[in-house]
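Here's a structure for you.
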Amino acid sequence: MNRTTERLYNGIVKENPTFVQMLGMCPTMAVTTSAVNGLGMGLTTTVILILSNMMISALRKVIPDKVRIPAYIVIVASFVTIIQFLLEGFVPSLYDSLGIYIPLIVVNCIILGRAESYASKNNVWLSMFDGIGMGLGFTIGLTSIGIFRELFGNGTVFNVRIMPEQYEPVTILILAPGAFFVLACLIAAQNKIRMQRAEKKGENSLVCERKDGCIGCTNTLCGGREFEGTQGKEVSK
Amino acid sequence: MNLFLIAIGAALVNNVVLSQFLGLCPFIGVSKKVDTAAGMGGAVIFVITIASAVTSLIYTFILDKLDITYLQTIVFILVIAALVQFVEMFLKKKMPPLYSALGVYLPLITTNCAVLGIALINVQKSYGFLTSVINGFGTAVGFTIEIVIMAGIRERIEYNDIPESFKGTPIVLVTAGLMAMAFFGFSGLIK
């Protein structure tokens with residue numbers, strides 16, 4: 001497997017941002033009320049991730065180490081603004097339904113996390129594929145959660161009715177509490193898998209793997225176990 | 001009266017964490033003990049109120065005047081990041097007791113999406129200066145109420161027998177979901 005396909009595999013399967021790394025949970029919960037919104041948000045984030053990864057990678061020798069985080073934020077924010085205008089102009093319906101979560105992509109952990117851990121150390125070509133892989137991984141995550149919530153919460157998928165007429169939709173799933181419940185089950189399932197794996201290897205299952213990750217959200221969703229102590233120092237620059 | 005309604009609406013009805021999913025990271029990360037949760041809540045009230053005031057002024061007197069409102073996302077995120085650092089330095093120098101109480105939580109707030117979210121919501125709803133500040137304050141109070149309640153519940157959960165795979169974040173999210181359902185009860189307050 002060459003390095004570009006390895007990047008794609010890494011982003012979509014091995015380090016999938018939604019299912020494995022549990023990054024960017026704010027947009028994941030907020031926009032997955034329907035499959036269309038999940039797909040739209042995923043693709044928007046993908047485009048921004050690719051562009052910002054390429055730009056940051058191209059500028060990695062120019063940006064001084066001490067001010068790298070503000071510099072990354074400016075780059076990401078510029079791309080977010082551009083994409084926001086494109087969406088407003090060409091896909092106004094998506095723009096309306098995603099609303100405030102489009103500008104909030106700036107503070108999405110995935111983007112700054114990839115900039116910090118990959119794009120700032122690798123060349124433009126590989127960073128682009130890293131962006132594509134991670135973005136698609138995120139898109140698949142959002143779309144599948146969106147499909148699940150829309151199917152059981154509304155009986156439709158991509159606005160096409162799937163469930164029979166007699167099906168009584170579980171409306172709570174597309175409301176705010178449903179997002180919490182779905183995500184809780186998802187993380188619980190992930191914990192279960194992790195524990196089984198650890199048991200096979202005979203290791204301590206409670207050890208949390210993700211120690212680096214992104215700036216603001218380091219370890220917060222990592223079982224909430226190693227939060228204190230590991231946080232602060234990364235953020236304070 | 002109208003301002004009062006906005007504050008109540010921001011704090012209880014359109015709750016940041018439970019209905020808009022902003023600021024989930026600190027909500028899950030810092031809600032283990034009631035006193036740390038209260039500390040975080042205090043820091044958030046402080047920062048969001050100041051940030052709402054400053055971003056509102058910048059929007060009205062710089063961005064809107066020069067007709068460059070499209071730069072709002074870039075300007076706001078930088079202003080917020082700088083502001084948090086500045087507040088931290090100021091408190092360290094001038095108010096050491098407050099700094100030692102809030103200190104550790106301040107840097108965590110920079111990337112808290114609630115702060116940017118509120119600044120953007122204020123602009124989106126074209127709130128004036130005073131309304132923005134009240135909205136920001138109300139939202140932050142709502143956040144504090146929730147994180148303190150959550151910390152109280154989590155201290156109790158510690159003693160309960162939870163399935164192994166639900167320990168940690170999942171049970172917190174389930175609790176948050178139940179809280180979100182309870183907070184739906186407030187939605188009748190304001191039409």
Side-chain angles (χ1 to χ4, degrees), chain A residues 22 25-30 69-70 73-74 76-78 80-81 84-85 99-101 103-104 106-109 112 172 175-181 183-195 205-206 214-225 227-228 231-232 235-237, chain B residues 15 18-32 36 70-78 81-82 85 88 104-117 120-121 124 154 163-184:
Chain A
M22 299 281 171
M25 282 299 138
C26 303
T28 306
M29 293 169 80
I69 305 289
I73 291 179
V74 175
V76 177
S78 323
V80 169
T81 309
Q84 191 180 356
F85 279 118
I100 192 171
Y101 296 99
L104 284 178
V106 181
V107 282
N108 190 326
C109 304
L112 280 181
I172 192 106
L175 296 175
F180 286 104
F181 295 139
L183 195 69
C185 296
L186 200 66
I187 301 180
Q190 193 207 22
N191 281 351
K192 187 98 194 163
I193 295 170
R194 206 177 259 172
M195 277 189 292
S205 60
L206 292 180
C214 65
I215 302 99
C217 303
T218 323
N219 278 321
T220 43
L221 282 160
C222 190
R225 285 180 185 116
F227 183 79
E228 273 130 79
Q231 265 277 3
V235 192
S236 57
K237 301 162 200 164
Chain B
N15 212 286
L18 298 178
S19 74
Q20 302 187 63
F21 309 107
L22 303 176
L24 269 176
C25 290
F27 181 70
I28 294 167
V30 204
S31 59
K32 268 189 182 163
T36 46
Y70 58 86
L71 286 178
Q72 63 181 40
T73 315
I74 304 177
V75 172
F76 285 1
I77 184 83
L78 287 179
Q85 299 268 314
E88 198 187 347
V104 277
Y105 306 108
L106 283 174
L108 299 182
I109 299 174
T110 321
T111 43
N112 180 345
C113 41
V115 186
L116 180 63
L120 292 168
I121 289 174
Q124 209 175 40
R154 273 183 88 169
E164 190 65 27
S165 53
F166 267 89
K167 276 184 182 157
T169 313
I171 193 72
V172 178
L173 289 171
V174 171
T175 317
L178 294 173
M179 271 168 74
M181 283 163 84
F183 271 76
F184 268 155

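Just so you know, these numbers come straight off a predicted model, no measurement behind them. By convention in this document, chain letters (A, B, ...) are assigned in the order of the sequence lines, proteins followed by strands, and residues within each chain are numbered from 1.
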Check your understanding: Nearest 0.5 Å, what's the CD1-CD1 distance between B:I28 and A:I187?
Key -> 6.5 Å
Check your understanding: Does the side chain of B:L71 come within less than 4.5 Å of A:T81's, by heavy atoms?
Key -> no
**Study point:** Shortest non-hydrogen contact between A:P103 and B:L116, atoms and distance
**Key:** O-CD2, 4.3 Å
Point to revise | Nearest-0.5 Å distance, CG of residue B:L173 to CE of residue A:M29 | key: 5.5 Å
Exercise for review: Heavy-atom pairs under 4.5 Å with chain B are the metric here; pick the option from A:A188, A:A77, A:A189, A:A176 that has the most.
Suggested key: A:A188
Exercise for review: Taking the side chain as every heavy atom from C-beta outward, state whether B:L22 and A:L104 have any atom pair closer than 4.5 Å.
Suggested key: yes
Study note, to complete from the structure: Note: B:T73 and A:Q84 closest approach over all heavy atoms is OG1-OE1, 4.0 Å
Check your understanding: Which one of B:T175, B:V172, B:L178 has the most heavy-atom pairs closer than 4.5 Å to chain A?
Key -> B:L178
Point to revise | Segment of B:L18 engaging chain A (4.5 angstrom heavy-atom cut-off) | key: both
Review point. B:G177, B:A180, B:P163, B:S31: which one forms the most heavy-atom pairs within less than 4.5 Å of chain A?
Key: B:G177
Exercise for review: Output all residues satisfying ring pair (Phe, Tyr, Trp, His ring centres under 6.0 Å) with B:F21, sequence neighbours left out; order by chain, then residue number.
Suggested key: A:F180
Check your understanding: Relative to chain B, which segment of A:I172 carries a heavy atom at a distance below 4.5 Å: side chain, backbone, both, or neither?
Key -> side chain
Check your understanding: Side chains of A:P177 and B:F184: closer than 4.5 Å at any heavy-atom pair?
Key -> yes
Review point. Which bit of B:I171 is near chain A, if near means a heavy-atom gap under 4.5 Å: side chain, backbone, both or neither?
Key: neither
Review point. Sequence neighbours excluded, which residues qualify as ring pair (Phe, Tyr, Trp, His ring centres under 6.0 Å) partners of B:F183?
Key: B:F186
**Study point:** B:Q72, part contacting chain A, at a heavy-atom distance under 4.5 Å
**Key:** neither
Study note, to complete from the structure: Under 4.5 Å to a heavy atom of chain B? For A:L186 that would be neither
Practice item. Check whether any side-chain heavy atom of A:N191 sits under 4.5 Å from a side-chain heavy atom of B:K167, and report yes or no. Key: no
